[in-house]
Amino acid sequence: MADPKGFLTTPRKTARTRPVAERLKDWNEVYVPGSLLPIVSEQAGRCMDCGIPFCHSGCPLGNLIPEWNDFAYREDWTAASERLHATNNFPEFTGRLCPAPCESACVLGINQPAVTIKNVEVSIIDKAWDNGGVTPQPPERLSGKTVAVIGSGPAGLAAAQQLTRAGHTVAVYERADRIGGLLRYGIPEFKMEKVHINRRIEQMRAEGTKFRTGVEIGRDLDAVQLRKRYDAVVIAAGATVSRDLSVPGRELNGIHFAMEYLPLANKVQEGDYVAPPITAEGKHVVVIGGGDTGADCVGTAHRQGAASVTQLEIMPRPSEDRPTGQPWPTFPMLYKVTSAHEEGGERIYSVSTTHFEGDEDGNVQSLHLVEVAFEDGKLVQKAGTERVLPAQLVTLAMGFTGTDQENGLVKQFGLALDARGNIERDAAYTTNVAGVFVAGDAGRGQSLIVWAIAEGRSAARGVDRFLTGTSALPYPVKPTDRSLMV
């Protein structure tokens, strides 16, 4: 146990954010560089080393949290990094982007603020990179088997790294011009600077993984031909079909899916544009959708100089405290104030958009909304609550409905889909097509980054067994596993 009395004597402290006025002038991560190291060892000492560590169950990766907390407390960063990497290929991604269901399941969280697991995690991996402790791990021998991975998001990268280290020759196909999937173009720089992706890619290249960008399977390369080239295929293409809003005026200029808007801002940071083709500068911006993607749009609009930013959510405002119907150790739906919300703007709950209005040139100018409430389990509009908001830029951040079926990948492979439009798979992550596996959001539906990495690792085991008859690779989650929810 790290510090037997740490949870009693040490209050919870988290990473400090830079002042709003400062961070709105750049796209760097919002946290004060180096602010965690002076406090992280003491914070790790708050871990109680529980007899039954429920944080393990809260995290689908099964991270060995008490173990690396103990090493971080003792400032044995090498050992901490080894335990961290034992279950997670990319802790610098999860330590920045995951909503930390492990902290919701922390036993200390029953009656005190939980251990800052996420902050400890990111401190360990950043220290490992700084100390040169993250090195390539190429296989000792090659199997002679080849694997194609479609998609380079967290699930695809995790599967590719596991399979490469198992000795297979792996090529990752990505339809965008750079590797990373939504990590690259869906996550703004202020949440995760892309250096973290770039150095992992270089590690994977040194291990032997090949990358093919600008190739969309189904359009640029026929799926059947791909299957003939490789001994196995892993589909990790994500659930990239954005949920649309079918109301009058949707066709007006200036209304975009979040994943049309956010990638362009990231491409400016990559040097592809001087200014983004879609910008919030000087405009009244409305973000429809109250989740993390919506918050990303809010923070991006602030940095582009929006005149105002309003975020709409159809559901009621969540409670700031754990609801009685969502007891520990489940992951509760709580009111969150992200760094983007700290920077300004208005959040409106329990409202639904009825229609848009535009100018004579077909550009959106306003959004009409109405308050809604649940009655007998149905969402109904409240009479007399109509409002009009100015809106010259509207982003739709209402989630995703399934994997892309228009590019031909699903049809060419002949893949079976479930009722939600996800690709069906069995307990080994195999689809109805022999030798074709699926991992991540393409099979699970829209989910968290920790689930994507866990599925990538699990699917890699299924592929390894298919190719060799056995496998020593880990199998952290079954396709049917779900979050600790009620």
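Positions are given from 1, in the same order as the sequence printed here.
More than 12 heavy-atom neighbours from other residues, nucleotides or ligands sit within 6.0 angstrom of CD on Glu270. Around CD of Glu251, the count of heavy atoms belonging to other residues, nucleotides or ligands within 6.0 Å exceeds 12. More than 12 heavy atoms of other residues, nucleotides or ligands sit less than 6.0 Å from atom NZ of Lys267. Around the CZ atom of Phe466, the shell of radius 6.0 Å holds more than 12 heavy atoms that belong to other residues, nucleotides or ligands. Few gaps surround CZ on Arg205; more than 12 heavy atoms of other groups in view lie less than 6.0 Å from it.
Checked by atom type and distance alone, the side chain of Asn119 pairs as donor or acceptor with a backbone atom of Ala15 at under 3.5 Å. Using modelled atom types, no side-chain atom of Glu371 and backbone atom of Val351 make a donor-acceptor pair closer than 3.5 Å. Side-chain atoms of Thr431 come within 3.5 Å of backbone atoms of Val436 as a donor-acceptor pair (strictly under, hydrogens ignored). Side-chain N or O atoms of Asp231 include one that pairs as donor or acceptor with a backbone N or O of Thr146 at under 3.5 Å. A side-chain donor-acceptor contact under 3.5 Å links Lys194 to the backbone of Met192. Of the possible donor and acceptor atoms, one in the side chain of Asn88 sits under 3.5 Å from a partner among the backbone N and O of Phe90. The closest donor-acceptor contact from the side chain of Glu455 to the backbone of Ala439 lies at 3.5 Å or more, if one exists at all. In this structure a side-chain-to-backbone donor-acceptor pair under 3.5 Å is missing from Ser352 to Val370. Judged by distance alone, the side chain of Thr279 and the main-chain N or O of Glu281 form a donor-acceptor pair under 3.5 Å. The main-chain N or O of Asp426 is never found under 3.5 Å from a side-chain atom of Thr430 such that the two would form a donor-acceptor pair.
Judged purely by distance below 3.5 Å, without hydrogens or angles, the side chains of Gln161 and Gln203 pair a donor atom with an acceptor atom. For the residue pair Glu121/Thr94, the side-chain donor-acceptor check at 3.5 Å is satisfied. With 3.5 Å as the limit, one finds no donor-acceptor pair spanning the side chains of Gln446 and Asp441. Judged purely by distance below 3.5 Å, without hydrogens or angles, the side chains of His196 and Glu29 pair a donor atom with an acceptor atom. No hydrogens or angles considered: a donor-acceptor pair under 3.5 Å links the side chains of Gln162 and Asn89. Side-chain polar atoms of Thr209 and Thr164 form a donor-acceptor pair below 3.5 angstrom. Donor-acceptor pairing under 3.5 Å is recorded for the side chains of Tyr185 and Arg178. In this structure, a donor-acceptor pair under 3.5 Å is present between the side chains of Ser483 and Trp451. A donor and an acceptor atom, one from each side chain of Asp177 and Thr213, are nowhere located under 3.5 Å apart.
Counting only heavy atoms from C-beta outward, the side chains of Ile65 and Val115 never approach each other to under 4.5 Å. Using a 4.5 Å cut-off on side-chain heavy atoms (C-beta onward), Pro276 and Tyr261 make no contact. Contact of the Val268 side chain with the Val274 side chain is not registered, since no non-hydrogen atoms from C-beta on lie closer than 4.5 Å. Using a 4.5 Å heavy-atom threshold, the side chains of Gln405 and Leu417 count as touching. Residues Arg461 and Tyr429 fail the side-chain proximity criterion, which asks for heavy atoms closer than 4.5 Å. Here the side chains of Cys59 and Pro101 are not in contact, with every heavy-atom distance at 4.5 Å or above. Side-chain contact between Glu67 and Leu84 is absent, with no heavy atoms from C-beta onward closer than 4.5 Å. Using a 4.5 Å heavy-atom cutoff, the side chains of Val364 and Asn253 are not in contact.
Listed by chain and residue number, His355 satisfy the ring-ring contact (aromatic ring centres under 6.0 Å, His included) test with His368 (two or more places apart in sequence, or in another chain). Tyr173 pairs by the ring-ring contact (aromatic ring centres under 6.0 Å, His included) definition with nothing, not counting sequence neighbours. For Asn28, the side-chain hydrogen bond (donor to acceptor under 3.5 Å, both in side chains) criterion is met by no residue, not counting sequence neighbours. Scanning for salt bridge (charged side-chain N to carboxylate O under 4.0 Å, His left out) contacts around Glu424 gives an empty result, with sequence neighbours left out. In this structure, the side-chain hydrogen bond (donor to acceptor under 3.5 Å, both in side chains) partners of Asn198, at least two apart in sequence or on a different chain, are Arg184.
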Next on the checklist: Working note: Arg165 + Asp464, criterion salt bridge (Lys or Arg N to Asp or Glu O under 4.0 Å); need CA distance, chi angles, decisive distance, verdict.
Outcome noted: CA-CA 11 Å; Arg165 290 176 174 179; Asp464 194 32; over 6 Å; no

Next on the checklist: Could you go through Lys336 and Asp292, starting from their C-alpha distance and side-chain angles, then the distance that decides it, and tell me whether this counts as salt bridge (Lys or Arg N to Asp or Glu O under 4.0 Å)?
Outcome noted: CA-CA 10 Å; Lys336 295 193 304 182; Asp292 288 340; 3.1 Å; yes

Next on the checklist: I'd like to know whether Asp418 forms a salt bridge (Lys or Arg N to Asp or Glu O under 4.0 Å) with Arg444, so could you lay out the CA-CA distance, the side-chain angles of the two residues, the decisive distance to 0.1 Å, and finally the verdict.
Outcome noted: CA-CA 10 Å; Asp418 64 20; Arg444 171 171 292 273; over 6 Å; no

Checklist entry - So Lys118 and Glu103, salt bridge (Lys or Arg N to Asp or Glu O under 4.0 Å) or not? Walk me through it. => result CA-CA 8 Å; Lys118 183 175 173 180; Glu103 293 188 19; over 6 Å; no

Next on the checklist: If you apply the rule side-chain contact (heavy atoms from CB on, under 4.5 Å), what do you find for Ile150 with Val234, and how did you get there?
Outcome noted: CA-CA 6 Å; Ile150 303 173; Val234 179; over 6 Å; no

Next on the checklist: Under the criterion side-chain hydrogen bond (donor to acceptor under 3.5 Å, both in side chains), I'd like the reasoning laid out for His256 against Thr395: C-alpha separation, chi angles, the key distance, then a yes or no.
Outcome noted: CA-CA 5 Å; His256 304 276; Thr395 61; over 6 Å; no

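Atom-to-atom distance recorded for Trp27:CH2 and Phe190:CZ is 6.5 Å, nearest 0.5 angstrom. For the atom pair CD1 (Ile117) and CG (Asn63), the distance works out to 9.0 Å, reported to the nearest 0.5 Å. Here Ile449 contributes atom CD1 and Leu97 contributes atom CG; the two are 5.0 Å apart, rounded to the nearest 0.5 Å. The CG atom of Leu157 sits 9.0 Å away from the CD atom of Glu174 when rounded to the nearest 0.5 Å. For the atom pair CD (Glu189) and OG1 (Thr300), the distance works out to 10.5 Å, reported to the nearest 0.5 Å. The distance from atom OG of Ser152 to atom CG of Leu183, rounded to the nearest 0.5 Å, is 8.0 Å.
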Per-pair distances, 0.1 Å, donor-acceptor, side chain in residues 310-317, under 3.5 Å, sequence neighbours excluded:
| residue | atom | partner | partner atom | Å |
| --- | --- | --- | --- | --- |
| Gln311 | OE1 | His341 | NE2 | 2.8 |
| Gln311 | NE2 | Gly289 | O | 2.8 |
| Glu313 | OE1 | Gly290 | N | 2.9 |
| Glu313 | OE2 | Met315 | N | 2.9 |
| Arg317 | NH2 | Glu320 | OE2 | 3.2 |

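Taking the ring centre of Phe257 as origin, the terminal cationic atom of Arg250 falls inside the region bounded by 6.0 Å and 45° from the ring axis. For Arg457 and Tyr475, the positive end is not near the middle of the six-membered ring at less than 6.0 Å and at most 45° from its axis.
Residues Leu252 and Gly358 come closest through the heavy atom pair CD1-N, 3.5 Å.
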